[in-house]
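Step one of this worksheet: look at the structure below.
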Protein chains: 2
Amino acid sequence: MNARAARGAQSRVEILEAAAAAIARDGYFGMTMRDLARATGKGLATFYSHFESKEDVLFELQRDAFDTLIRSASEAVTQAPDAATQLYLFISSHVHYVLEHRDVMRVLVHEAGALPPQRRKKIRKLKEAYFAVARDVLQALAREGCGAPAASALGEVADAELELATYNLFGMLNWIYSWHHAPTHGSAADVARSVHRLTLCGLVARCPDRRALLRAETLSTSLHRPPPLRPPQGGDL
Amino acid sequence: MNARAARGAQSRVEILEAAAAAIARDGYFGMTMRDLARATGKGLATFYSHFESKEDVLFELQRDAFDTLIRSASEAVTQAPDAATQLYLFISSHVHYVLEHRDVMRVLVHEAGALPPQRRKKIRKLKEAYFAVARDVLQALAREGCGAPAASALGEVADAELELATYNLFGMLNWIYSWHHAPTHGSAADVARSVHRLTLCGLVARCPDRRALLRAETLSTSLHRPPPLRPPQGGDL
DNA sequence: GTGAAAGCCGAACGATCGTTCGGTCAAGCG
DNA sequence: CGCTTGACCGAACGATCGTTCGGCTTTCAC
């Protein structure tokens, strides 16, 4: 029963990848099962021995993706010695995922609302877990005051501002798929640095905290081996 | 021929508003003309005396929206004395639009690719014009060095980094529609301040430039009367 | 008042959608 | 090696899609 399951799993992954590309191009309602058939070279009725329905494909696609994102981010964050480096590693992990699975990322951002309420809630739970990882990092960062000995009055960050900052961080991260073009915009590290700088010290700040940037970004290159990003081992949510 | 045209224009706006709500909920392919009929209380065939096709509705919706955004942003930017204030007014203009036309904003972000190539290019031209407004402001900001007398080595910003920063700014702005909830996240000014701060000086920077923040944000409250945001006067692109 | 024009709608058309059925075929376990 | 199991597919079903047709009603210019 081993070789059997392996082939089945591989077929499943192929279908999900083709579905991600098709949904990314036409949207969930715009993609037809016939498109998926043409893209995979399989017959139309084949998918229904792997998935219960078209909606099932979308759901498992999103669930797998968030599983991978959460696991990759959690591993990255635990490797860092300070909050600024944690932030960089979180961003780097996310950017790597986006550039390697652009279609999936587009689906995550666009098609969350296409699921029926029950399954939407399951995905939302995953999304909140991922959000929490980032918020905790930003919270630690605000408390540490960017590694400076003591936070000045200007450096204090209210809880509400922190939540807004987290949303804004995800805004930057969730938009990358739509504009990044490797030849003109550079590697994942270049993008990650830009997001990290804006989040940490903005575009033009000239201050002692700016040194923490270089420290975090250079330090992380030695810590952050390219994440494996393999699909999650199965298991119901 | 005046009262006639006025009623026609009002009907057109009502249809576009209902279409924005419907497309925001179900996506462009998910919205049906029958949904639109139910939402407006009109018959199914009525829309084809106002628009040539379903696609036409989407196109004009996006065109009107970008016209409004560009005009509102251009007006806001010209009112500011320095780059930091220009940035705040641009952000504020955008945030106001998002919070008042959340459905439209969602359509702009999600359904750009649903148009055929020719019309997609027209929308893209508008998008690039809007992008250019923001990039010019950030460029001026990088050159001015946040109002400080001279830019230090740390304050210099390369062109490539500037473009990435612009994309990241739009990432924050284009994500707001998906999370903002007035009772918990405050007014448009609160959101605009958060985005402005991250873009300018980041989350935790403690430096002289931070003073430019307060100056720009307080100054702008006297300059920035709530933008009119009325629909654009017609006229072919 | 009157004629032309425009908004409006019920009904229907062809196309295409997600899904199912019945059966073929190859592969892997006992 | 035989047999079961599951991947696979052609064909078809009912539903629903965007769009059109023909005619009815309203309304503004003259």
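Proteins get letters first, then strands, A, B, ... in listed order; numbering begins at 1 in each. Both backbone and side-chain heavy atoms feed into the values below; hydrogens, waters and symmetry mates do not.
- Taking atom CZ of A:F47 as the reference point, atom P of D:dC8 lies 9 Å away to the nearest angstrom.
- Contact of the B:F51 side chain with the B:F59 side chain is not registered, since no non-hydrogen atoms from C-beta on lie closer than 4.5 Å.
- Taking atom CG of residue A:D56 and atom P of nucleotide C:dG18, one finds them 15 Å apart after rounding to whole Å.
- A:L36 has its CG atom 12 Å from the P atom of C:dT19, to the nearest Å.
- Listed nucleotides D:dA7, C:dC8, C:dT19 differ in distance to A:S49; the shortest reach to its side chain belongs to D:dA7.
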Exercise. Once each nucleotide of nucleotides 9-15 of chain D is scored for protein heavy atoms under 4.0 Å, what B/S/- sequence comes out, 5' to 3'?
Worked result: BB-B---
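- Within the cation-pi definition used here (under 6.0 Å to the ring centroid, within 45° of the axis), A:K54 qualifies as a partner of A:Y28.
- If you check the side chains of A:Y130 and A:H94, you find a donor sitting under 3.5 Å from an acceptor.
- Salt bridge annotation for A:D159-A:R135: absent, with no cationic side-chain nitrogen under 4.0 angstrom from a carboxylate oxygen.
- Remark: P of D:dC8 and CZ of A:F51 are 11 Å apart, rounded to the nearest angstrom.
- The distance between atom CZ of B:R38 and atom C1' of D:dC17, rounded to the nearest whole Å, is 12 Å.
- In this entry the distance linking NZ of A:K54 with P of C:dG18 reads 4 Å, nearest Å.
- In this structure, a donor-acceptor pair under 3.5 Å is present between the side chains of A:D35 and A:T32.
- Separating the CD atom of A:E55 from the C1' atom of C:dT19 is a distance of 13 Å, rounded to the nearest angstrom.
- Between A:Q62 and the options A:L126, A:I123, A:D67, a side chain to side chain contact (heavy atoms under 4.5 Å, CB included) holds for only A:I123.
- A:I15 places its CD1 atom 13 Å from the C1' atom of D:dG6, with the value rounded to the nearest Å.
- Phosphate proximity of D:dC8 to A:H50: present, with a side-chain N or O under 4.0 Å from OP1 or OP2.
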